[in-house]
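Taking it in order: structure first as structure tokens, then the write-up.
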2 protein chains.
Amino acid sequence: MTEPSTLPIYRQIAEQIAEEIESGELPAEAPIASERELAEMFGISRMTARAAINILVQRGILVRRNRSRAYVAQPKFRFDLSSPGGLHEQLRKAGVRPGAKIIVAEKLPFDALEPKVVDALKLTPAEAVFHIVRLRTANDEPIAVEDSYFPERLFPDLLDFHLTDSIYGILKKYFSVEPAGSLQELEISLLDAEWAEIMEVPVDLPTLEIRRCAVTADNTPFEYAHDIYRGDRLIFTARTVGPDTLFPSQLRQSPPNP
Amino acid sequence: MTEPSTLPIYRQIAEQIAEEIESGELPAEAPIASERELAEMFGISRMTARAAINILVQRGILVRRNRSRAYVAQPKFRFDLSSPGGLHEQLRKAGVRPGAKIIVAEKLPFDALEPKVVDALKLTPAEAVFHIVRLRTANDEPIAVEDSYFPERLFPDLLDFHLTDSIYGILKKYFSVEPAGSLQELEISLLDAEWAEIMEVPVDLPTLEIRRCAVTADNTPFEYAHDIYRGDRLIFTARTVGPDTLFPSQLRQSPPNP
DNA sequence: AAGTGGTCTAGACCACCAT
DNA sequence: TGGTGGTCTAGACCACTTC
């Protein structure tokens, strides 16, 4: 609308493809023409066609699979960080099939723990914790990794349960532990190589990182977690309490600015 | 560490430059060799050198200025969304010079308002509001835009004040209005062309969008704002109340899931 | 075997700005 | 004016999948 003809060719082509997708002409999962085909169609070089596709991949409108051509991405999932019901529940309600793949499930001795885990869970010396890393999926598509720590004291045989189910469901059903609240720290970042491999997606993908500590009604911390969510597949919302607002008393467990 | 020699050349060079920056060899604001110089230094083509620089620009480690060469970026600013004191105050405390540039300062009649503004500010028909759009800067670098609405009823001659100062400071000093809390909705997104122009940065930059409504101690909403923060220049933290947690009662002003 | 994306080359022209 | 980045070309080779 501003200066249509002065936009570089690769942006013009990206916009054109984006419009075909928005108009429904190209539905979700539809394959895009190959880079060489696009180049011939538009009378441009392959590198320029590739640049156009890259823009839409970065926006999350197209996805590349392996070394195959690009496809129209499914619409992004909505995830409300403040809503009752975690990711599993919200996906299910949206008609999406939630899943989980266990990457790590181990018991860690006290001495192997980072201080932040010890502090967050208020562990006493020699206490062991369970360390669980899960790849979360939606319709079999990886959307997040969860790196969680649970005190053995509270959940003695946690690793024997079926950990691909909702973990909060297990905690409630078998240990009668329910979250009364949590403190979360958010950070926008780009995916590093290590996590990219675990999540089976490209490096430098924009992500939302969340470090959180969940507590029960009697203010016992029962989970410390570091979650990484794909920014290209999820839209996040969160209701936060803003500046100058006091937190509910049961959550005021550490000084605001360490 | 995994497979050093099989990394593509442009990634190897990006890593090498990144290490020179982390080691302090290249300090903040140091200019990077030009694309043509890099190409010659490493015996590669200019397009490959350019790809290396682009990776670091996307990560926020390098910045491009106009059509000049790339420079080492200043460290990112930390911004705690839940801390007392807004962006202005936090920057000042960190030894950074906060600034603001007025993009729009106008009075809008009731009929020109979007429903979300009317609802958030609980306006009665025929009430006018002040609409202020400000470009926020840190050491003269653009870091955010704030698109805010204030009821005329509460702040009759707001536009006559010096709006490049802290607006909350003006509200407190001249109108005795102080925020008691706010509800915020967060969303990670990519910058569209319109806002990119206002912010004077490239399109598709990763950003954090916040829609918030601030209220006084007697639960009078006095500001509705839509903020966009650069994800490449800021690290955000927020203490959010997680699933299954009740908000402070004075903030429970609308149903959780509209 | 054919087609694909991932990477890389060695050029080119342009607009912009002060290195 | 000379150097810069922004864009674009017309090829190429490779590893991988099967479009």
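Sequence lines set the chain letters: A, B, ... in the order given, protein chains first and strands last, and positions in each chain run from 1.
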TODO: Could you pull out all residues at least two apart from R78(B) that satisfy salt bridge (charged side-chain N to carboxylate O under 4.0 Å, His left out)?
DONE: none
Open item on the list: Just the rounded figure in Å: distance from C1' of dT19(C) to OH of Y71(B).
Closed with: 7 Å
TODO: Give the rounded distance in Å between these two atoms: CG of L38(B) and C1' of dT4(D).
DONE: 13 Å
Task: Side chain of M47(A) - closest among dA10(D), dT4(D), dG6(C) - done: dA10(D)
Open item on the list: Rounding to an integer number of Å, can you tell me how far L7(B) CG sits from dG6(C) C1'?
Closed with: 13 Å
Open item on the list: Ring-plane angle category for Y224(B) and Y149(B), please: parallel below 30°, perpendicular beyond 60°, tilted otherwise.
Closed with: tilted
TODO: Starting from C1' on dG2(D), measure out to CD on E35(B) and report it in whole angstrom.
DONE: 17 Å
Open item on the list: Starting the side chain at C-beta, find the nucleotide from dG5(D), dT4(D), dA10(C) nearest to E37(B).
Closed with: dT4(D)
Open item on the list: Tell me if the NZ atom of K101(A) is crowded by more than 12 foreign heavy atoms within 6.0 Å.
Closed with: no
Task: Check: T164(A) side chain, A100(A) main-chain N or O, donor-acceptor pair, under 3.5 Å - done: no
TODO: From the options dG6(D), dC19(D), dT4(C), select the nucleotide whose nearest atom is closest to the side chain of S34(A).
DONE: dT4(C)
Open item on the list: Between dG5(C) and R36(A), counting only base atoms on the nucleotide and side-chain atoms on the residue, is there a donor-acceptor pair under 3.5 Å?
Closed with: yes
TODO: Evaluate the side-chain proximity of I53(A) to L38(A): yes if any heavy-atom separation is below 4.5 Å, no if none is.
DONE: yes
Open item on the list: Quick check for you: among dG6(C), dT7(C), dT9(C), whose closest atom lies nearest to any side-chain atom of P8(B)?
Closed with: dT7(C)
Open item on the list: Any side-chain N or O of Y10(B) below 4.0 angstrom from OP1/OP2 of dT7(C)?
Closed with: yes
- [ ] Answer yes or no: does a side-chain N or O of R69(A) lie under 4.0 Å from OP1 or OP2 of dT4(C)?
- [x] yes
TODO: Could you tell me whether the phosphate oxygens of dT9(D), OP1 or OP2, come under 4.0 Å of any side-chain nitrogen or oxygen in T48(A)?
DONE: yes
Open item on the list: Distance check needed: dG6(D) P versus I55(A) CD1, whole Å only.
Closed with: 13 Å
Task: Distance-only donor-acceptor test (3.5 Å): side chain S45(B), base dC8(C) - done: no
Task: Whole angstrom value for the distance that separates C1' of dT19(C) from CD1 of I32(B) - done: 14 Å
Open item on the list: Strictly below 4.0 Å: does R46(A) bring a side-chain N or O up to OP1 or OP2 of dT9(D)?
Closed with: no
TODO: Check every strand shown and say whether R64(A) touches a base, only sugar-phosphate, or nothing at a heavy-atom separation below 4.0 Å.
DONE: sugar-phosphate
TODO: Measure from CD1 on I53(B) to C1' on dC8(C) and round the result to the nearest Å.
DONE: 16 Å
TODO: Grab the CZ-C1' distance between R50(B) and dT9(C) for me, whole Å please.
DONE: 16 Å
Task: 5' priority, DNA chain D, between N54(B) and R67(A) [closest heavy atom] - done: N54(B)
